[in-house]
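Protein chains get the first letters and strands the later ones, always in sequence-line order, with residue 1 at the start of each. The figures that follow rest on heavy atoms only: side chains count, while hydrogens, waters and symmetry mates do not.
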Amino acid sequence: MTMDVRTPSPTIARPEEYEDRGFEHTESSVSVASQWQLMWWKFRKHKLAMAGGVVTILLYLIALSVEFLAPSSPGVIRADYTWAPPQGLHLFRQTESGRVFDPYVNGYKVEIDPVALKRTFVIDEEKIVDIGFFINGEPYKLLGLWEMDIHLLGSTDVDLPVYFLGADRMGRDLLSSLIYGTRISMSIGLVGVVLSFFLGITLGGISGFYGGAIDNLIQRVIEFIRSIPTIPLWMGLAAAVPTDWPPLRVYFAITIILSFIGWTGLARVVRGRFLSLRTEDFVMAARLDGANEWTTIWRHMVPSFFSHIIASLTLSIPGMILAETSLSFLGLGLRRPVVSWGVLLQEAQNIRSVATAPWLLIPGLAVLVAVLALNFLGDGLRDAADPYNR
Amino acid sequence: MASDAQNSNALIEVKGLKTHFFLDEGTVQAVNGVSFSIDRHKTLCVVGESGCGKSVTARSILQIVDHPGRIVEGQILYHGDAAHNSAGGEVIDLAALNPRGKEIRSIRGKDISMIFQEPMTSLSPIHTVGNQITEAILLHTEMTQEEADARAVELLRRVGIPKPEDRLKAYPFQLSGGMRQRVMIAMALSCNPVLLIADEPTTAVDVTTQAQILELLDELKAELGMAILLITHDLGVVAETADDVVVMYLGQVVERGDVDSIFHAPQHPYTQALMRSIPKLGVSRHLQRLDSIRGMVPDPYNRPNGCMFGPRCEHFMPGRCDAADPPTIQLATNREVKCFLYEDEANSGSSKFTPAER
Amino acid sequence: MLQFLIRRILYMIPTMIAVSIVAFIIIQLPPGDYLTTLVASLAAQGETVDPARLDALKDRYGLGQPVYVQYLKWMKGILLEGDFGDSFGWNRPVSDLIWGRLALTFVLSLASLIFVWLVAFPIGIYSAVKQYSIGDYFATFIGFLGLATPDFLLALIMMYISFKFFNQSVGGLFSPEFQEAPWDWARVVDLLGHLWVPVVIIGTSGTASLIRIMRANLLDELRKPYVVTARAKGLPEWKLLFKYPVRVALNPFISTVGWVLPTLVSGAAIVSIVLSLPTTGPLLIRALLQQDMYLAASFIMMLSILTIIGTLVSDLLLAWLDPRIRYE
């Protein structure tokens, strides 16, 4: 009892009437849209994902231009400013002629706790430190190309440092460290994910495409890696990184350790896709057409789930960031002079420092924002990756 | 809305039923003013293309329309008989009951039960067959677990399942498709319903099993004296099993009547087109060109004005069919068609059928 | 069922062997061997090394022989005598140090698991049944926040809050008077009084992800035709909900133990370090930083084996609950 569609015969083809009778509808724009357009439309509707995307882009922009944004470099030690509290930025100053734009912060005065005989800094409303925008400071190379010495903002007096977010035990500026940390933390997620991507797509692809014994073996390995508690394993591997390695090598060693475990999730996604696609008609058609395996995989199969891969990649970046933060926090990951958010949080490891300088927890906030933004973005991408599935 | 108010044999009378789905994109008028009646001990087939609202009509009777759909208008009168105490001989308007309320729940599975299209997914994968059959029995009767188990075995035997005692502890995934559908039927029969609604019961099973299932339903109807509302898109099934037929198109009844007159003298252009799409035996393949209905079912958000079938109709009359909703015209007792073509005859008082063009 | 059980246990054996190899590789990774470190550390303490003892140690660990011989010697000691080697950092056998700490880690992880379930299960059901309600949005928001907050950060914040506003410390698992006391009822009660803080901290991210899983699963199940079948039988809504979709959605929920457990054990390790709990965490990191490798490897191995056993238990539980797996 087929009720299939056939083109109307000439006697009854009355297209103008079709329109009159409300047959013309807005579907046409949808039916000619490309897959990427459909995804973009769907993604755009997801407000949280859009917000996550904007924040993610901002974070990576910060990571690119840290030298310009940070008031100073993160390693500058000023032992006489131990645990100096954050100085609030005032943009306007009260003068006789009213409020004028002239940014400043209040200076510090030293108080001595009579009981504990401890020196603490407090904000002194009387003292004023002038702040300037686009001031000249330490020279650097923007994006490694242009030599510059302009910083977004900072103290106009070289001898009077400012701490917008406070200082750590060594008097290092937290804001500058935080901005520099953005570069390391955000990039380690990206680099780690790229490494996992290659491992995951290769092994997952082999597993899903060939199936059988090799699939079984790879699945066992994945199950095994996933059944080990990650932090102790990471700790064990990270502890084996020699302490005398240069920072860059440590950075890559840690990234490799992280992706060594991180690839399993991606491999599972890829394998699942391959398994379900393997029996699809278009793959069969490509094979019957005489396409070799390489062509079948890269020309026919991968494009059909590429959007899913991008979504999974985005969703695995936060895991990498969290892992790096945890390792560095424990002192097993990156070490100064490399600064990541985890390295900064290491300063907050004991209750005494946290109690005297709660602003040391601010890098944690940065982790939170980055992870949330990437999660929202990834979630939206995952939904959008299936534009036909409503 | 013409209806057979005089028909004292009616078990269910559906009058002007409208069930709409309220989605973000707009309202889908899945069932839009449907009237028909189901007679006692008879089989009524509802036919139509997918998406015409036949399933939603069936579900509306039990008030199990999925969210965000709900009945917005109309009546579903259930003429319960004294034998079934939940109705006690009174007429109940099922459409007016609270879908989550006690009254409708006491009718579901007891007076009226339902079987579904997919016997695999319509049974819980992790509960035994016995558990799922006895559930309704324990819910609606005073039987003990032992008595209910015995009843379940009896039911399974009746629907033709070998070794029913062993099957009680089986899980649905251990049974074949046909066996699962038999389990579904046993489940539906557990409380001796007066009406069995079967929503495309043979779509998901293979052809030989299809015939067996339909035969079983026919036997059971005669044996238990229940009525059957059979939802299908398969005209062969209709010809085999129906007493009465309702033809639906886009949420409306376009024609209804007894099975013979629908098949031999279809009135509505849609029904006529449907009939032409059946391959005929004995006609040489060279001479026979299987007809199909031109055009496509319109988008549910953009319905045509006037007659729903207008854009695909051969007899489309511009200025008339797209101007107003065609009336439902009573051609004879229990014989109706919703089309302007028959309006003049109705007005002139003639009840003569226009012979179907063949 | 018995066949299933045996097959699962047989599957576990190669995994355990693999774990022990990985743990042993970790011992081997740092430059130099155990003995050199030991001699160095003894020398640092001003002690002279007795050559006879050195030879005995060399023989015991198979030092100087091929790596696989060393591995087999280590395994033989563990399997036959329960001897995990010596911790040179503590100058005691590893087996003296790990069991008590492993037991507390086990208690902590188990308590966190129960917490995760108890909290995630009802909230997940609520979120799915009342999809897009204010409560659902709230649960989703909290869930995202819980996922994005590293365990240790949460521990730090809790510590800061309790210090700042309640002027007390939340570290430790026992009150000072019970620290070294023998096990009795009062000590158990004291432990329970301290346990909830780390349990909540460790459980938060797991709870967040389980809520999302439960919600997604239940939403899937609610759309399945068998729910309509049950409704057509005349079952009341709440009974129907718990007998069918919730029951079916419970299965993937149970099987998540398999991957929640490793995260919980990981979380327990790092939170214990921050809160200085007498579990494996603090000892493990000290062992790693001091390159006290037999101790570190034993910890890593035993934690992994605990997790693998936990996964096995969850598999068995799932098979017991889900006939589709049992009759596979």
Side-chain angles (χ1 to χ4, degrees), chain A residues 48 52 220-221 223-244 261 264-265 318-319 321-323 325-327 329-332 341-342 345-346 348-355 358 360-361 363-365 367-376 379, chain C residues 11 14-15 18-19 22-23 25-31 109 144-145 147-154 156-157 159-160 163-164 169-171 205 258-259 261-270 273-274 276 280-281 284-285 287-289 291 293 296-297 299-300 303-304 306-308 310-311:
Chain A
L48 270 178
R220 290 276 153 267
V221 172
E223 260 173 46
F224 166 66
I225 293 180
R226 287 180 87 96
S227 68
I228 303 180
T230 45
I231 296 265
L233 187 61
W234 273 327
M235 282 163 69
L237 291 172
V241 175
T243 37
D244 51 358
I261 293 157
T264 54
I321 294 179
L322 284 177
T325 309
S326 302
L327 278 185
F329 170 76
L330 290 176
L332 291 168
W341 292 332
L345 281 169
Q346 214 187 330
Q349 221 182 41
N350 58 67
I351 184 68
R352 210 174 78 84
S353 349
V354 179
L360 290 178
L361 289 175
L365 200 68
V367 174
L368 204 75
V369 168
V371 171
L372 269 181
L374 283 161
N375 264 323
F376 287 142
D379 247 32
Chain C
Y11 261 147
T15 318
V19 165
V22 167
I25 290 172
I26 290 174
I27 301 186
Q28 299 295 323
L29 278 178
S109 306
F144 266 120
L145 217 57
L147 274 183
T149 318
D151 291 333
F152 69 87
L153 188 64
L154 203 61
L156 283 174
I157 293 168
M159 247 166 50
Y160 176 68
F163 180 85
K164 188 89 184 168
S169 99
V170 290
S205 66
W259 60 263
L261 204 60
T263 29
L264 289 181
V265 173
S266 287
I270 195 162
I273 293 166
V274 177
S276 50
T280 44
L284 174 60
I285 187 152
L288 285 169
L289 290 174
Q291 308 222 323
M293 292 330 263
F299 268 137
I300 291 175
L303 284 177
S304 306
L306 264 183
T307 319
I308 291 168
T311 315

Between G331(A), P358(A), P318(A), A370(A), the one whose heavy-atom pairs under 4.5 Å with chain C are most numerous
P358(A)
Candidate pair T149(C) and S205(C), rule side-chain contact (heavy atoms from CB on, under 4.5 Å), full reasoning
CA-CA 7 Å; T149(C) 318; S205(C) 66; over 6 Å; no
Which of [options] touches chain A most, by non-hydrogen pairs under 4.5 Å:
options	answer
L145(C), L147(C), I270(C)	I270(C)
A296(C), G267(C), A18(C), P14(C)	A18(C)
L306(C), V19(C), V265(C), V274(C)	V19(C)

Could you state the interatomic distance from CG (L374(A)) to CD1 (I321(A)), rounded to the nearest 0.5 Å?
5.0 Å
Can you tell me how far apart CD1 (I225(A)) and OG1 (T15(C)) are? Round to the nearest 0.5 Å.
12.0 Å
State which residue, out of I273(C), L156(C), L153(C), fulfils the side chain to side chain contact (heavy atoms under 4.5 Å, CB included) condition with F329(A).
L156(C)
Please classify the contact of L372(A) with chain C as side chain, backbone, both or neither, using a heavy-atom distance under 4.5 Å.
both
In terms of heavy-atom proximity below 4.5 Å to chain C, should L332(A) be classed as side chain, backbone, both, or neither?
side chain
Please step through side-chain contact (heavy atoms from CB on, under 4.5 Å) for the pair F144(C) and F376(A), ending with a clear verdict.
CA-CA 9 Å; F144(C) 266 120; F376(A) 287 142; 3.3 Å; yes
